[in-house]
Amino acid sequence: MQILNTRRHFLKTSAAIAAATTLPQWFLDESSHAATKPLGPNDRPGVALIGCGGRGRGVAREAAALGQMLAVCDVDETNLAQATKTWPDAKPYADFRKLLERDDIHLIINGTPDHWHTLVNLAALKAGKDIYSEKPLTLTIDEGKRLVKAVRESKRILQTGSQQRSDKNFRLACELVRNGRLGKLKHINVWLPHGRREGPFDKMPVPAGLNWDMWQGQTPAADYMKEKTHVTFRYFYEYSGGTMTDWGAHHNDIALWGAGFERSGPVRVEGKSLVAMIPGGFSAASEYELTYTYPNGVTQLIRSTRGNDWKGSVLDKTLQQHGVRFEGADGWVFVTRGRIEASHPDLLTTPLPANATRLYASDNHMQNFFNSLGSRQQPICDVEIGHRSASACHLGVIAVRLGRPLNWNPVAEEFIDDKEANTWLAREMRQPWSYSMV
Ligand SMILES: NC(=O)c1ccc[n+]([C@@H]2O[C@H](COP(=O)([O-])OP(=O)(O)OC[C@H]3O[C@@H](n4cnc5c(N)ncnc54)[C@H](O)[C@@H]3O)[C@@H](O)[C@H]2O)c1
């Protein structure tokens, strides 16, 4: 009897162990999305905005027209109040983790500064939310690798906010290149607006209503300076990469699209800063020049231009404007916001043949994201595209900071035989703000 009991107990226990170690996939899938109510065919998705600055609110307005704005979140009460004024029915939150617990929120708009994009996005995926995330998608290449994996595993939709992909001019330029209209592609010129070179800045008391510790998140603890936060954070290496990542996430993205390396990248990167930055001031290179080489020998020159200010508005028409120029053996095409030009007019006016390679077509970036929510098909700027475009920019920032040429393996996503450069793939994260928090 005693033996029987023990054996029965053993069988029960071993069955329990087997079940616990081999949970069926359907159960795992279901549990990972347990925090979100399924969306019926006629339901408007529940939307939440995390990061209520100028861009977040702008993009959220587009999403609010297609879904229901249910929640807004910011670590700064002033910007949070602006958002609640726009959407009085949306519930305000100071911590995105609390907001993500809600089961009626289907998607988030991530309008936080660059150093918060990935941790917020990873937490949202865990809570079963779809994501429209502002560009540059990541702060480091390591973040991007993890994010791509997490999106794929969770089967969520992520649209990167590089909205130039949903602009006809940019698509046309890339289709002309891809279809050999310029002859063999030889070279790409990318001009980015120059950044800001100012400082030193004074430290100041933290304004009432701003959670400065949480604003800084994973970045090194620093004294508060007003230039470090809203909008101008992007000129500090600590939080971003200057215009190389800010505008690079747009124009380098188009260069990769046209050249056909949007899911890969260059194999060699070298470059330099053209001015010394002011100690105690903005820390990301404001003027720079870089050369990239792609696996097929195509080269790309990336230069900052003083023809535009850091917001992209035209400063001096006599100087080169920001944009992308693809140069082939038989001609060139230049594209920027609101303008496309070519070496010969017929390059643009002659229609592409019926059997031409056509690229993913979207004329409205937010609508394209909402279409993907229903179809579960990839949006135009899916996570890998966002990651690779940001990576291309991070490679440039690293090359400038290291001050020497770098050889890159775009398949392994590592520098080749270069231990020092590989330490730049990730940055040290200030605890407790790290991958383990999400
Ligand atoms: N696609 C585009 O054309 C475009 C244009 C402008 C900005 N952007 C991108 O949008 C992002 C935001 O830019 P911005 O100019 O609106 O900056 P911003 O500084 O005005 O806004 C960012 C907001 O996020 C808040 N925030 C910071 N940490 C947070 C956290 N942990 N949780 C919740 N809120 C937090 C800040 O307090 C601030 O209100 C940047 O990544 C930028 O590159 C994209």
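Whatever order the structure lists ligands and atoms in, that order sets their numbers, starting from 1.
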Return the residue, atom name and 0.1 Å-rounded distance of the protein heavy atom closest to [atom].
{"atom": "atom 11 (C) of ligand 1", "answer": "T112 O, 3.4 Å"}
{"atom": "atom 9 (C) of ligand 1", "answer": "K135 O, 3.5 Å"}
{"atom": "atom 21 (O) of ligand 1", "answer": "G53 CA, 3.3 Å"}
{"atom": "atom 18 (P) of ligand 1", "answer": "V231 N, 3.7 Å"}
{"atom": "atom 40 (C) of ligand 1", "answer": "D114 OD1, 3.5 Å"}
{"atom": "atom 5 (C) of ligand 1", "answer": "R55 CD, 3.3 Å"}
{"atom": "atom 32 (N) of ligand 1", "answer": "V75 CG1, 3.8 Å"}
{"atom": "atom 37 (O) of ligand 1", "answer": "D74 OD1, 2.7 Å"}

State the atoms of ligand 1, each with its element, that fall below the 4.0 Å cut-off from a heavy-atom position in [X].
{"X": "H117", "result": "41 (O)"}
{"X": "P113", "result": "22 (C), 24 (O), 26 (N), 27 (C), 28 (N)"}
{"X": "D76", "result": "37 (O)"}
{"X": "N79", "result": "38 (C), 39 (O)"}
{"X": "H250", "result": "1 (N), 2 (C), 3 (O)"}
{"X": "W215", "result": "27 (C), 36 (C), 37 (O)"}
{"X": "F233", "result": "17 (O), 19 (O), 40 (C)"}
{"X": "D246", "result": "43 (O)"}

Whether R171 and D363 form a salt bridge (side-chain N of Lys/Arg under 4.0 Å from carboxylate O of Asp/Glu) is what I want to check.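 Judged by the 4.0 Å cut-off on N to carboxylate O distance, D363 and R171 do form a salt bridge.
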Heavy atoms only: which of Q163, E134, R234, R57 is nearest to atom 42 (C) of ligand 1?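 Looking at heavy atoms only, the winner is R234.
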Could I get the full list of side-chain hydrogen bond (donor to acceptor under 3.5 Å, both in side chains) partners for N79, not counting sequence neighbours?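 Per chain and number, N79 pairs via side-chain hydrogen bond (donor to acceptor under 3.5 Å, both in side chains) with no residue.
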Aromatic contact between W310 and H194, with the criterion being ring centroids under 6.0 Å apart: yes or no?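 No; H194 has its ring centre 6.0 Å or more from that of W310.
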Between W116 and W215, ring centroids under 6.0 Å: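 Ring-ring flag for W116/W215: false, centres at least 6.0 Å apart.
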Pair [X]-[Y], side-chain donor/acceptor within less than 3.5 Å:
{"X": "Q300", "Y": "N252", "result": "yes"}
{"X": "H250", "Y": "S389", "result": "no"}
{"X": "E143", "Y": "H115", "result": "no"}
{"X": "N371", "Y": "Q367", "result": "yes"}

With heavy atoms only and a cut-off of under 4.0 Å, state how D95 meets ligand 1: side chain, backbone, both or neither.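 No part of D95 is near ligand 1 at this cut-off.
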Heavy-atom neighbours of K145 NZ exceed 12 at 6.0 Å: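 Yes, NZ of K145 has more than 12 neighbouring heavy atoms, counting only those of other groups under 6.0 Å.
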Count the heavy atoms belonging to other residues, nucleotides or ligands that lie under 6.0 Å from CD of E428, then report whether that count exceeds 12.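 For E428, atom CD is not crowded (no more than 12 foreign heavy atoms under 6.0 Å).
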Any side-chain to backbone donor/acceptor pair from T229 onto M225? Under 3.5 Å, distance only.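 No, the answer is negative, given that no donor and acceptor are paired below the 3.5 Å cut-off.
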Tell me whether the NZ or CZ atom of R197 lies within the 45° cone about the ring axis of F282 and under 6.0 Å from its centre.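 No; the conditions do not both hold, so R197 does not lie above the ring face of F282.
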Looking only at distance, does T229 have an N or O less than 3.5 Å from an N or O of ligand 1?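 By distance alone, the answer is no.
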Distance-only N or O hit between ligand 1 and P136, under 3.5 Å: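 Looking only at distances, the answer is no, because the N/O contact criterion of under 3.5 Å is not met.
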Filter on side-chain hydrogen bond (donor to acceptor under 3.5 Å, both in side chains), then keep only pairs touching residues 203-214, sequence neighbours left out; what's left?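 Residue pairs with at least one partner in residues 203-214: D213-R430.
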Contact with ligand 1 for G111, non-hydrogen, under 4.0 angstrom: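 Right, G111 reaches ligand 1.
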